[in-house]
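Written below as structure tokens is the structure these notes are about.
No experiment lies behind these values; they were computed from the predicted model shown. Residue numbers start at 1 and run along the sequence shown. Order of appearance sets the numbers: ligands from 1, and atoms from 1 within every ligand.
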Amino acid sequence: MIKKIGVLTSGGDAPGMNAAIRAVVRTAIQKGIEVYGIHDGYLGMYEGRIERLYRKSVSERLGLGGTFLGTARLKDFAKKEVRQIAIDNLAIYGIDAVVTIGGDGTYRGALALSEMGIHTVGVPGTIDNDISGTDFTIGFDTALNTVVEAVDKLRDTSSSHRRCSIIEVMGRNCGDIAVWTAIAVGAEFVVSKETGFDLQAIIDNVTQAAKAKNHAIIIVAENMVDVNWLAKEVSEKTPFDARATILGHIQRGGRPTAKDRVLASEMGYKAVEALLNDETGVCVCQRNNQIITMPINDALGDDTPPVLEKYKVFKVLW
Ligand code: ATP
């Protein structure tokens, strides 16, 4: 029977992580279990930066962006001897189970810990929505709304100046932010890993748009193409003057939306329940509006089809 739970956030921060920590803390305490915050993810576990959390420790945190426990990346956590030091630190506090909130890298760390005897449950906290087991990750909805708001603002200026705005958004290996945004703002074109990059198609679409309207919007997922170069090409080959904007880390910040707060709360609750049910090496997912758990291994696969379904809608509506 689990007696003491640790909780950490790891990888890129995401709005709603605080709400998830709060849910873990309050659920654990309500079930009579001590809970400990591990600072800066696996780095803090390795360095032994661990503190007891109480109901009050998570007061006034629910609606705040970022993560009050801090987050970090520690490549060496893939090494067994590094994880062993981290596990020894957990033992000092008597912690036998950990809730890890983060992306797929964080899940890999959780799986590796569970293989060494620590009970682990992963909670998907990443704005990229790139974890295949779950329909949504915590932070995606907030980031999407942030991006849509930014693009709406860029549209105001690009239509006043008869320009094409090219906007680079996050989503390293997953085009969800790009494609969802493209639908939500009525963009002319979207470029992501799933949709591919086709310069001529962009030139054609923007040229066509220039006949009917006084601006065009192109959404580009990061790592696909140099948006400043693309702006030059569009300026030279279409009637529009094009400008590139890289939204960058602004997409990770801000207060979580109500949807992310609720998702984070439900998932944090479920994570503790799973640990109490003796589950380990699993992650919490939202599937068809149900909060469930599944083996982490099954959640680390590829999950492009839902994006492509959305892309079909985009192509009809643009
Ligand atoms: P995001 O999607 O926001 O980038 P992430 O969780 O995928 O979040 P990563 O930097 O990939 O972010 O992973 C977070 C941490 O998880 C790493 O810094 C490392 O400490 C740990 N980790 C990643 N891969 C492994 C692995 N194969 N084995 C053990 N630990 C790992």
Side-chain angles (χ1 to χ4, degrees), residues 6-18 20-21 38-49 65-67 69-87 89-90 98-118 120-134 136-144 146-147 169-178 192-193 221-223 247-254 256 260 264 267 271 280-281 283-285 295-297 299-303 307:
V7 58
L8 61 81
T9 48
S10 160
D13 64 302
M17 279 182 161
N18 283 323
I21 299 166
I38 301 164
H39 291 274
D40 298 336
Y42 297 125
L43 179 66
M45 190 186 282
Y46 171 70
E47 293 176 348
R49 289 185 285 112
T67 157
L69 284 178
T71 181
R73 298 186 202 268
L74 174 63
K75 260 194 163 172
D76 281 352
F77 205 70
K79 294 181 184 157
K80 195 168 183 187
E81 61 271 25
V82 171
R83 290 198 301 279
Q84 189 56 56
I85 292 170
I87 288 173
N89 286 330
L90 295 180
V98 181
V99 176
T100 64
I101 305 164
D104 54 349
T106 301
Y107 276 18
R108 288 194 175 87
L111 197 56
L113 278 177
S114 81
E115 283 161 6
M116 293 172 75
I118 298 294
T120 56
V121 174
V123 171
T126 170
I127 64 165
D128 295 343
N129 210 29
D130 60 351
I131 295 182
S132 59
T134 185
F136 294 105
T137 57
I138 297 164
F140 172 68
D141 186 63
T142 307
L144 178 66
T146 301
V147 173
V169 303
M170 280 186 171
R172 248 175 324 171
N173 296 312
C174 173
D176 277 21
I177 292 180
S192 77
K193 191 185 93 175
E222 63 186 332
N223 297 333
L247 290 184
H249 283 120
I250 198 169
Q251 295 162 89
R252 288 228 187 109
D260 271 332
M267 287 184 158
T280 182
C283 57
V284 180
C285 317
I296 286 178
N297 257 331
L300 291 174
D302 197 14
D303 191 21
V307 191

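Counting only heavy atoms of the protein, atom 10 (O) of ligand 1 lies nearest to Arg73 NH1, 2.6 Å. Of the protein's heavy atoms, Ala78 CA, 3.6 Å lies nearest to atom 28 (N) of ligand 1. Among all protein heavy atoms, the one lying closest to atom 6 (O) of ligand 1 is Thr106 OG1, 2.5 Å. Closest to atom 26 (C) of ligand 1 among all protein heavy atoms lies Arg108 CB, 3.6 Å. Scanning the protein for heavy atoms near atom 20 (O) of ligand 1, the closest one is Leu74 O, 2.6 Å. For atom 1 (P) of ligand 1, the closest heavy atom belonging to the protein is Arg172 NH2, 3.3 Å.
Closest heavy-atom contact between Gly254 and Pro15: O-CB, 3.7 Å. Of all non-hydrogen atoms in Ile138 and Ala14, the two that sit nearest each other are O-CB, 3.6 Å. The two residues Val147 and Ile177 have their closest heavy-atom pair at CG2-CG2, 4.1 Å. Contact between Tyr42 and Thr100 at its shortest, heavy atoms only, is OH-CG2, 3.5 Å. Across all non-hydrogen atoms, the minimal contact from Asn129 to Cys174 is O-SG, 3.5 Å.
In terms of N/O distances under 3.5 Å, ligand 1 is not approached by Arg252. Residue Lys75 places no N or O, backbone or side chain, under 3.5 Å from any N or O of ligand 1. The N/O atoms of Gly105, backbone and side chain alike, include one that comes under 3.5 Å of an N/O atom in ligand 1. Polar contact with ligand 1: present for Gly12 (N/O pair, distance under 3.5 Å). On a distance-only criterion, Gly103 and ligand 1 share at least one N/O pair closer than 3.5 Å.
Close contacts between ligand 1 and Phe77 involve ligand atoms 20 (O), 29 (C), 30 (N) [criterion: under 4.0 Å to a heavy atom]. Taking a cut-off of under 4.0 Å to the non-hydrogen atoms of Ser10, the atoms of ligand 1 that pass are 14 (C), 15 (C), 16 (O). Near Gly109, meaning under 4.0 Å from one of its heavy atoms, ligand 1 places the atoms 29 (C), 30 (N), 31 (C).
More than 12 heavy atoms of other residues, nucleotides or ligands lie within 6.0 Å of CD1 in Ile85, so this atom counts as buried by the packing criterion.
At distances below 3.5 Å, not a single donor-acceptor pair connects side-chain atoms of Glu222 with backbone N or O atoms of Met170.
In this structure, Lys79 does not pair ionically with Glu81, as no charged nitrogen and carboxylate oxygen lie closer than 4.0 Å.
The side chain to side chain donor-acceptor pair (under 3.5 Å) search around Gln84 returns Asp88, not counting sequence neighbours.
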